[in-house]
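Data first, discussion second: the structure below is written as structure tokens.
The figures that follow rest on heavy atoms only: side chains count, while hydrogens, waters and symmetry mates do not. All residue numbers refer to positions in the sequence shown, counting from 1.
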Amino acid sequence: MWVPPHRLEATATLCPASTRPYTAVMSAMREELHLLVDQLPEDRVPPVLALVRENMSSSRRREKALVALERIRGRMRGVTGVDEELDRRREESRG
């Protein structure tokens, strides 16, 4: 059952902030997700949970890759000729 955002704010009183796993008040979208998950039949929960876990895992991998890229960029600052050398090697590999 879809709940309009203005109704979600009213449901916040049903679940006081002190009983929530986070200290901040849930956003309207989180509240809607919470309500929708609560309405799922038990046999539908595992695939939804797997989808969320997969998304979290790929987000972490993406964050780690970005951190590594920034580290590499930091090491490469001030180095000259790198782009030219990479282009030369690419051309050599194409033969």
Side-chain angles (χ1 to χ4, degrees):
M1 175 181 88
W2 182 79
V3 179
H6 70 279
R7 296 274 306 170
L8 290 174
E9 292 171 8
T11 63
T13 58
L14 301 175
C15 184
S18 61
T19 63
R20 294 185 188 158
Y22 11 81
T23 56
V25 175
M26 272 194 229
S27 69
M29 288 191 297
R30 283 185 183 272
E31 189 75 28
E32 180 181 3
L33 178 62
H34 184 106
L35 291 170
L36 291 171
V37 169
D38 282 348
Q39 294 172 24
L40 280 175
E42 197 61 32
D43 64 324
R44 300 294 306 256
V45 173
V48 171
L49 186 57
L51 182 63
V52 171
R53 286 178 177 158
E54 180 183 315
N55 186 287
M56 294 299 296
S57 176
S58 65
S59 291
R60 287 188 200 111
R61 283 193 304 268
R62 200 170 18 255
E63 287 173 14
K64 287 180 181 179
L66 289 173
V67 168
L69 181 59
E70 283 304 312
R71 236 181 323 194
I72 291 167
R73 284 183 178 158
R75 287 189 218 149
M76 299 303 290
R77 279 193 187 96
V79 177
T80 58
V82 173
D83 290 332
E84 294 81 5
E85 179 66 17
L86 290 173
D87 288 340
R88 186 181 66 75
R89 290 181 182 260
R90 279 190 205 107
E91 290 301 318
E92 285 175 1
S93 69
R94 291 181 190 158

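A salt bridge between Glu84 and Arg88 is absent, with no side-chain N of the basic residue lying under 4.0 Å from a carboxylate O of the acidic one.
Atom-to-atom distance recorded for Asp38:CG and Leu33:CG is 9.5 Å, nearest 0.5 angstrom. A distance of 4.0 Å separates CZ in Arg73 from CG in Leu69, rounded to the nearest 0.5 Å.
Hydrophobic clustering of Ile, Leu, Val, Met, Phe, Trp and Tyr side chains at less than 4.5 Å, counting indirect connections, unites Leu86 with Met76.
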Kindly list each side-chain donor-acceptor pair under 3.5 angstrom involving residues 46-61, sequence neighbours excluded, with atom names and distances?
{"residue": "Ser57", "atom": "OG", "partner": "Arg61", "partner atom": "NH1", "Å": "2.9"}
{"residue": "Ser58", "atom": "OG", "partner": "Glu54", "partner atom": "O", "Å": "3.4"}
{"residue": "Ser58", "atom": "OG", "partner": "Asn55", "partner atom": "O", "Å": "3.0"}
{"residue": "Ser59", "atom": "OG", "partner": "Asn55", "partner atom": "O", "Å": "3.0"}

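Shortest non-hydrogen contact noted between Arg77 and Gly74 is NH1-CA, 3.2 Å.
At least one side-chain heavy atom of Leu36 sits less than 4.5 Å from a side-chain heavy atom of Glu32.
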- prompt: Under the side-chain contact (heavy atoms from CB on, under 4.5 Å) criterion, do Glu70 and Val67 qualify, and how do the steps go?
  reply: CA-CA 5 Å; Glu70 283 304 312; Val67 168; 5.9 Å; no
